[in-house]
**Student:** 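Sending over a structure as structure tokens; questions will come in a sec.
In this chain, numbering begins with 1 at the start of the sequence shown.
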Amino acid sequence: MNKLKVIIPALIVFIIATIISVCFLFQSDEILVNFEILSVKNNFSEYEVEFSKVKAADYYIVQIHNSSNRKVYETKTNDEKVTLSLTNLQNNEEYSLMVFAYDKVGDYRPCEKEYKFTWDEPTFSQDLSIILNNQDYVLTIDGNLDNKDYTLEILNGDVVLVNEKLKNNEYTLNKELYENQEMELVVSIKSDDVVVDEIHLFNNLNPVTDISITNLTDESIIPYNDTTLEYSGGDNAENYEIKIYRDNNCIKTSSTSKKVVVLSKNLFSVGGSYRFEVNAKYGEYLKSTSVNVTMSDQIQLNPVYISNNWKYVKKGTKIELGTRDEGAKIYYTLDGKSPESYGILYTEPIEINENVLLRTVAVMEGYQNSIISAYEINVGVKEKLKVYLSPSNQHGNPGVASTGYTNEMDEMNDVTDYVEERLKSYGVIVYRNNPAGNINLWNKDSNYYGVDFKIAIHSNASVDHDNYGIETWVDTQNSLTYSIANAIQSGLVDIYPYKDLPNADRGVKYANGALGEANDTYIPFGILVEIAHHDYEDDARWIMENKKLIGYNIADSILKYYQVID
């Protein structure tokens with residue numbers, strides 16, 4: 001009898017464990033599981049990466065970061081073996097390679113361990129000019145040339161001008177090769193006839209390739225809103241100069257290294273006509289492109305946001321839709337059709353019992369319709385929520401001393417303590433930034449942890465110390481974070497004692513690439529919140545007297561959005 005008392009419980013435990021294991025095996029095709037990088041083989045600038053298969057993966061993203069934690073390479077693939085052509089590596093710099101598996105709803109899981117490597121092949125110095133100017137030219141090469149036999153090859157088209165062994169780290173090109181000629185030289189470091197590094201040099205030629213604006217048509221009418229400007233070409237340019245003209249007067253000039261920029265609607269007026277000019281520049285050389293546009297005579301409405309995370313919606317949930325434009329009507333469809341043509345007027349929450357494609361638009365007479373937002377709603381439950389908290393590390397930003405506010409770093413870390421406490425009390429896995437780090441590191445870490453959401457928590461300040469109120473930042477109006485940003489913004493405004501003052505609710509704003517922690521390029525799902533102004537006495541006092549209230553409020557907005565609490 002005693003033996004039975006021991007055997008029966010053990011048998012029950014075994015049966016339960018077996019059932020769980022079988023269920024896991026059956027569900028492994030639908031769940032992202034641990035995986036690893038199996039091998040990395042390199043042949044100079046080509047890296048062949050192989051990693052284990054994840055059955056639930058819809059696709060994979062391969063990223064490489066440099067020693068400053070800045071992303072220098074990214075590619076998307078559907079295969080577990082991919083060849084990377086890496087042309088922007090530098091000698092003696094350490095790099096880290098990571099693979100992420102993404103499922104059909106856009107959730108992702110990083111591989112178990114990054115692959116680190118140091119590029120030890122010789123490379124041309126980053127400080128080299130590519131202009132020859134009819135002068136002798138000294139090539140500087142970084143790295144050890146003694147480990148292998150390296151050759152220097154110089155081509156003019158298909159004609160080989162130089163092919164000789166590299167003996168030291170400086171090589172002088174004699175101007176007799178190109179003097180007074182229009183010529184583009186392709187200079188390569190080779191080993192065993194494989195290109196290790198390559199540089200293009202120009203003499204009496206414009207090194208910048210033709211450039212064109214790709215997303216706007218000349219003489220078109222565009223929405224009065226933040227305007228995206230995309231362009232292609234302009235290779236070899238050191239930077240791109242953006243100019244905005246109205247009535248032949250230049251009203252804005254800026255410089256960027258990117259080929260996509262967002263122009264703030266604050267630069268424009270309703271119905272105004274403008275010329276956008278892009279100059280790709282290398283020294284005194286440039287190539288230009290321009291387009292003429294007219295702003296619509298109507299202001300565009302803000303996008304529609306939804307109450308919950310669309311990736312995992314509990315069956316029977318009643319999804320609420322909202323807009324920041326008072327008086328606007330919302331139309332929606334659940335079958336993928338255009339809400340502008342086939343939309344149902346939103347009057348009450350939408351009950352979700354199956355997977356649907358929700359498309360929404362805001363409409364109001366006298367205004368241009370909002371962009372159409374699409375949410376692929378998936379019925380399911382999120383097992384474990386992961387959140388990355390990134391309080392400000394700006395120790396040098398003082399607040400109003402009479403309220404007890406010391407500096408932004410210390411006070412925002414105090415607020416974040418309460419956010420963390422509240423989230424953890426509901427079983428959320430919480431990661432937190434290292435104040436000694438930087439934005440690049442925090443973004444990299446949050447990606448490597450595979451978090452669902454990253455929030456940067458700051459307080460604000462103004463030049464004349466006379467601004468007050470709350471604002472939240474996303475990257476663009478197309479950002480998937482727009483809905484949770486509205487939830488957090490609205491939650492904080494609800495508890496803000498001065499919410500009835502003009503502009504106290506400063507709204508959800510678009511950083512358009514200007515903020516590292518609210519940038520869709522570097523972090524899949526991140527926002528930045530400015531909870532109040534630390535240089536405005538009433539705001540600073542409110543923060544100091546209500547840290548727990550503020551922290552819990554932010555946490556509760558996150559928990560409600562992800563349906564951890566009602």
Side-chain angles (χ1 to χ4, degrees), residues 65-71 387-424 430-449 451 453-475 485 488-489 492 495-496 498 506 509 511 513-519 522-523 526-555 557-558:
H65 289 78
N66 64 14
S67 56
S68 299
N69 298 304
R70 181 176 292 277
K71 184 170 64 179
V387 175
Y388 189 98
L389 303 178
S390 185
S392 172
N393 72 337
Q394 295 171 335
H395 190 273
N397 286 354
V400 179
S402 61
T403 68
Y405 197 107
T406 57
N407 62 77
E408 184 177 351
M409 173 179 164
D410 290 348
E411 307 306 345
M412 290 304 99
N413 271 274
D414 283 354
V415 171
T416 303
D417 287 344
Y418 289 111
V419 180
E420 181 175 1
E421 175 183 283
R422 183 70 164 171
L423 291 176
K424 284 184 173 180
V430 177
Y431 301 97
R432 192 156 166 173
N433 69 353
N434 180 349
N438 56 44
I439 290 171
N440 292 335
L441 176 63
W442 303 333
N443 285 343
K444 177 184 171 184
D445 281 351
S446 64
N447 288 333
Y448 279 24
Y449 291 138
V451 301
F453 177 51
K454 176 175 181 286
I455 179 171
I457 300 172
H458 288 230
S459 55
N460 213 342
S462 61
V463 174
D464 296 321
H465 312 300
D466 57 356
N467 284 350
Y468 54 86
I470 299 162
E471 64 193 40
T472 304
W473 291 86
V474 299
D475 196 14
I488 289 170
Q489 175 72 17
L492 287 171
I495 62 171
Y496 184 59
Y498 315 109
R506 298 168 64 86
K509 298 187 174 184
L515 293 176
E517 292 192 271
N519 191 318
Y522 301 110
I523 178 71
I527 70 168
L528 185 147
V529 60
E530 302 269 18
I531 60 174
H533 285 67
H534 57 250
D535 62 342
Y536 189 82
E537 185 174 353
D538 288 342
D539 274 16
R541 183 176 293 106
W542 176 65
I543 292 171
M544 294 304 296
E545 294 177 355
N546 295 278
K547 290 179 182 178
K548 182 175 182 179
L549 175 67
I550 294 167
Y552 273 34
N553 184 276
I554 292 172
S557 292
I558 297 170

**Student:** Give the minimum heavy-atom separation between Tyr496 and Gly469, together with the two atoms involved.
**Tutor:**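 So the minimum-distance heavy-atom pair works out to OH-N, 3.2 Å.
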**Student:** Answer yes or no: is there a side-chain heavy-atom contact under 4.5 Å between Val400 and Arg541?
**Tutor:**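 No, too far: nothing below the 4.5 Å cut-off.
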**Student:** Looking just at side-chain N and O atoms, do Asn443 and Lys454 make a donor-acceptor pair shorter than 3.5 Å?
**Tutor:**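 Yes.
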**Student:** Taking all heavy atoms of Asp535 and all of His465, pick out the closest pair and write down the distance.
**Tutor:**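 Looks like OD2-ND1, 2.7 Å.
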**Student:** Are Tyr388 and Tyr449 packed together at the side-chain level, in the sense that at least one heavy-atom pair is separated by less than 4.5 angstrom?
**Tutor:**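 SC-SC contact between Tyr388 and Tyr449 confirmed.
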**Student:** Test of understanding: with ring pair (Phe, Tyr, Trp, His ring centres under 6.0 Å), list the residues that count as partners of Tyr405, not counting sequence neighbours.
**Tutor:**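 Tyr405 satisfies ring pair (Phe, Tyr, Trp, His ring centres under 6.0 Å) with His534 once adjacent residues are dropped.
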**Student:** Regarding Glu411 and Thr406, do their side chains bring together a donor and an acceptor under 3.5 Å, going by distance alone?
**Tutor:**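 There is such a pair between these side chains.
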**Student:** Treating Asn66 as the side-chain partner and Ser68 as the backbone partner, does any N or O pair qualify as donor plus acceptor under 3.5 Å?
**Tutor:**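 Here the side-chain-to-backbone pair exists.
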**Student:** Drop me the distance from Asn460's CG to His533's NE2, to the nearest 0.5 angstrom.
**Tutor:**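 It comes to 3.5 Å.
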**Student:** Determine the interplanar angle of the Tyr468 and Tyr536 rings, folded into 0 to 90°, and report it as parallel if under 30°, tilted if 30 to 60°, perpendicular if over 60°.
**Tutor:**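 The rings of Tyr468 and Tyr536 sit tilted, inter-plane angle from 30° to 60°.
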**Student:** What heavy-atom pair brings His65 and Lys71 nearest, and what distance separates the two atoms?
**Tutor:**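 Smallest heavy-atom distance, with atoms named: CD2-N, 3.5 Å.
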**Student:** Is it true that Arg432 and Asp445 make a salt bridge, defined as a side-chain N closer than 4.0 Å to a carboxylate O?
**Tutor:**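 No.
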**Student:** Check whether the side chains of Asn407 and Asp410 place a donor and an acceptor atom closer than 3.5 Å, and report yes or no.
**Tutor:**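 Yes.
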**Student:** Go through it in stages, so that I can follow the logic: the residues are Arg422 and Asn553, the test is side-chain hydrogen bond (donor to acceptor under 3.5 Å, both in side chains), and I'd like the CA-CA distance, side-chain angles, deciding distance and then a yes or no.
**Tutor:** CA-CA 9 Å; Arg422 183 70 164 171; Asn553 184 276; over 6 Å; no
**Student:** Report yes if some heavy atom in the side chain of Arg506 is under 4.5 Å from a heavy atom in the side chain of Asn467; otherwise report no.
**Tutor:**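 Arg506 reaches Asn467 side chain to side chain.
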**Student:** Mind listing the closest non-hydrogen atom pair of Asp475 and Gly513 along with its distance?
**Tutor:**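 Between these two residues, the closest heavy atoms are OD1-N, 2.8 Å.
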**Student:** Using the side-chain contact (heavy atoms from CB on, under 4.5 Å) rule, pick out the option among Val419, Asn433, Ile527 that qualifies with Ile457.
**Tutor:**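 The option that passes is Val419.
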**Student:** Can you name the one residue among Asn546, Leu492, Asp539, Ile470 that meets side-chain contact (heavy atoms from CB on, under 4.5 Å) with Ile531?
**Tutor:**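 By the side-chain contact (heavy atoms from CB on, under 4.5 Å) criterion, Ile531 pairs with just one of Asn546, Leu492, Asp539, Ile470: Leu492.
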**Student:** Around Lys509, counting heavy atoms of other residues, nucleotides and ligands shown, do more than 12 lie under 6.0 Å from its NZ?
**Tutor:**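 Yes, enclosed.
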**Student:** Considering non-hydrogen atoms only, spot the tightest contact between Leu515 and Asn519 and give its length.
**Tutor:**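 So the minimum-distance heavy-atom pair works out to O-CB, 3.2 Å.
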**Student:** Do you know the tightest heavy-atom contact between Pro391 and Asn413?
**Tutor:**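 What the structure gives for the nearest pair is CG-OD1, 3.3 Å.
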**Student:** Would you find a donor on one side and an acceptor on the other, under 3.5 Å apart, between the side chain of Trp442 and the backbone of Ser390?
**Tutor:**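 Flag not set: sc Trp442 to bb Ser390 has no pair under 3.5 Å.
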**Student:** How about Glu530 and Ser459: does a side-chain donor come under 3.5 Å of a side-chain acceptor?
**Tutor:**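 No - no donor-acceptor pair under 3.5 Å links their side chains.
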**Student:** Counting N and O atoms only, with roles assigned by atom type, does the side chain of Asn393 sit under 3.5 Å from a partner on the main chain of Pro435, one being a donor and the other an acceptor?
**Tutor:**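 Side chain of Asn393 to backbone of Pro435: a pair is present.
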**Student:** Hey, is OH on Tyr431 packed in by over 12 heavy atoms from elsewhere, all under 6.0 Å?
**Tutor:**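 Counting other residues, nucleotides and ligands, OH of Tyr431 exceeds 12 neighbours.
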**Student:** Any donor-acceptor pair under 3.5 Å linking the side-chain atoms of Glu517 with those of Tyr522?
**Tutor:**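 Tyr522 vs Glu517: no donor-acceptor pair found between side chains.
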